[in-house]
J.: 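Have a look at this one.
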Amino acid sequence: QVQLVESGGGLVQAGGSLRLSCAASGRTFSTYAMAWFRQAPGKERDFVAAISWSGARSYYADSVKGRFTISRDNAKNTVYLQMNSLKPEDTAVYYCAAEYGLVLAEGVREADFGSWGQGTQVTVSS
């Protein structure tokens with residue numbers, strides 16, 4: 001399994017931006033599908049965005065389409081989540097996830113991923 005470490009969370013005002021990073025260990029990062037999920041207090045963990053091995057395909061939850069962008073740099077073993085126009089309802093712990101050889105399709109699920117980071121807190125104030 002790959003080891004994942006998230007960073008970049010923090011406190012931001014509504015309308016602001018943050019960029020999350022997820023650094024992965026190992027030499028086969030380019031063969032892992034990557035994703036971001038989030039969990040708000042008292043709620044289940046929800047899908048946010050996912051990206052294919054090469055970065056050619058990406059998928060987003062309806063709630064973040066047009067505001068968030070997932071990207072990856074395979075040379076740096078890092079996946080990013082650029083979050084713009086943040087809203088208070090985006091407040092959550094954001095988790096990075098990875099799965100070796102996963103072929104992404106619509107309907108990305110938490111159960112599709114076997115490796116998880118510890119999470120980074122994002123708080124959006126109104």
Side-chain angles (χ1 to χ4, degrees):
Q1 287 189 341
V2 65
Q3 304 297 315
L4 304 172
V5 179
E6 302 99 333
S7 62
L11 174 64
V12 64
Q13 289 188 332
S17 299
L18 281 175
R19 188 176 82 155
L20 305 183
S21 299
C22 173
S25 64
R27 294 175 290 179
T28 59
F29 178 73
S30 61
T31 59
Y32 281 79
M34 303 295 296
W36 289 94
F37 289 76
R38 66 186 182 186
Q39 187 169 22
K43 296 187 177 181
E44 295 183 349
R45 189 153 57 182
D46 292 329
F47 168 70
V48 175
I51 191 166
S52 62
W53 311 332
S54 67
R57 290 180 291 115
S58 57
Y59 301 86
Y60 296 92
D62 288 343
S63 59
V64 306
K65 280 181 181 177
R67 299 188 299 123
F68 291 10
T69 302
I70 189 170
S71 62
R72 66 190 296 161
D73 185 338
N74 286 344
K76 295 183 178 179
N77 282 15
T78 302
V79 64
Y80 304 98
L81 185 68
Q82 178 67 43
M83 305 185 295
N84 299 328
S85 302
L86 283 160
K87 305 175 181 179
E89 51 263 45
D90 294 318
T91 294
V93 177
Y94 282 71
Y95 296 92
C96 178
E99 183 62 26
Y100 176 79
L102 175 66
V103 178
L104 292 173
E106 292 291 347
V108 176
R109 304 171 303 160
E110 182 178 352
D112 292 335
F113 295 86
S115 298
W116 293 84
Q118 293 299 306
T120 185
Q121 177 70 47
V122 172
T123 303
V124 184
S125 63
S126 57

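No experiment lies behind these values; they were computed from the predicted model shown. The first residue in the sequence is number 1, and the count goes up from there.
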J.: By side-chain contact (heavy atoms from CB on, under 4.5 Å), which residues pair with A61, not counting sequence neighbours?
T.: F47, S63, V64

J.: Which pairs, with at least one residue in residues 97-126 and sequence neighbours excluded, count as a disulfide bond (SG atoms under 2.5 Å apart)?
T.: none

J.: Determine, stepwise, if the pair W36 / C96 fulfils side-chain contact (heavy atoms from CB on, under 4.5 Å).
T.: CA-CA 5 Å; W36 289 94; C96 178; 4.0 Å; yes

J.: Flag yes if L102 and W116 sit in one hydrophobic cluster, no otherwise; membership is Ile, Leu, Val, Met, Phe, Trp, Tyr, and two members link when side-chain heavy atoms are under 4.5 Å apart.
T.: yes

J.: Please report the closest heavy-atom contact between A24 and L4, naming both atoms and the distance.
T.: CB-CD2, 3.7 Å

J.: Indicate yes or no: at least one non-hydrogen side-chain atom of M83 is less than 4.5 angstrom from one of V122.
T.: yes

J.: Taking ring-ring contact (aromatic ring centres under 6.0 Å, His included) as the definition, give me every residue that meets it alongside F113, ordered by chain and number, with sequence neighbours left out.
T.: F37

J.: R72: what forms a salt bridge (charged side-chain N to carboxylate O under 4.0 Å, His left out) with it, not counting sequence neighbours?
T.: none

J.: Restricting to side chain to side chain donor-acceptor pair (under 3.5 Å), what partner residues turn up for Q121, sequence neighbours left out?
T.: T123

J.: Determine yes or no for a side-chain-to-main-chain donor-acceptor pair under 3.5 angstrom, with E6 supplying the side chain and Q118 the backbone.
T.: yes

J.: Taking only residues two or more places apart in sequence or in another chain, which ones pass side-chain contact (heavy atoms from CB on, under 4.5 Å) with S30?
T.: N74

J.: Pairs in or reaching into residues 48-91: which pass ring-ring contact (aromatic ring centres under 6.0 Å, His included), with residues at least two apart or in two chains?
T.: none

J.: For residues M34 and C22, report the shortest heavy-atom separation together with the two atoms involved.
T.: CE-SG, 4.3 Å

J.: Among all residues two or more places apart in sequence or in another chain, which pass the ring-ring contact (aromatic ring centres under 6.0 Å, His included) test with Y95?
T.: none

J.: Could you tell me which non-hydrogen atom of T31 sits nearest to which non-hydrogen atom of T28, and how far apart they are?
T.: OG1-O, 2.6 Å

J.: Suppose we screen for side-chain contact (heavy atoms from CB on, under 4.5 Å). Which residues come up paired with S85, at least two apart in sequence or across chains?
T.: R67

J.: Extract all donor-acceptor atom pairs below 3.5 Å that involve side chains of residues 9-21 and protein atoms in other chains or at least two apart in sequence.
T.:
from : atom 1 : to  : atom 2 : distance (Å)
S17  : OG     : N84 : OD1    : 2.9

J.: Can you list the residues that meet the salt bridge (charged side-chain N to carboxylate O under 4.0 Å, His left out) rule with K43, with sequence neighbours excluded?
T.: none

J.: Salt bridge or not for K65 and D62, using N-O below 4.0 Å?
T.: yes

J.: Who passes side-chain contact (heavy atoms from CB on, under 4.5 Å) against S54, sequence neighbours left out?
T.: S52, A56

J.: Indicate the atoms forming the closest heavy-atom contact of N77 with F29, along with that distance.
T.: OD1-CB, 3.3 Å

J.: Show the nearest heavy-atom pair for residues A92 and R38, with the distance to one decimal.
T.: CB-CB, 3.8 Å

J.: Output yes when a side-chain donor or acceptor of R57 lies under 3.5 Å from a complementary backbone atom of L104, and no otherwise.
T.: yes

J.: Could you see if I51 belongs to whatever hydrophobic cluster contains Y100? Use Ile, Leu, Val, Met, Phe, Trp, Tyr and a side-chain cutoff under 4.5 Å.
T.: yes

J.: Testing the basics here: between A98 and V2, what is the closest heavy-atom pair and its distance to 0.1 Å?
T.: CB-CG1, 3.6 Å

J.: May I ask you to decide if S25's main-chain N or O and Q3's side chain share a donor-acceptor pair within less than 3.5 Å?
T.: no

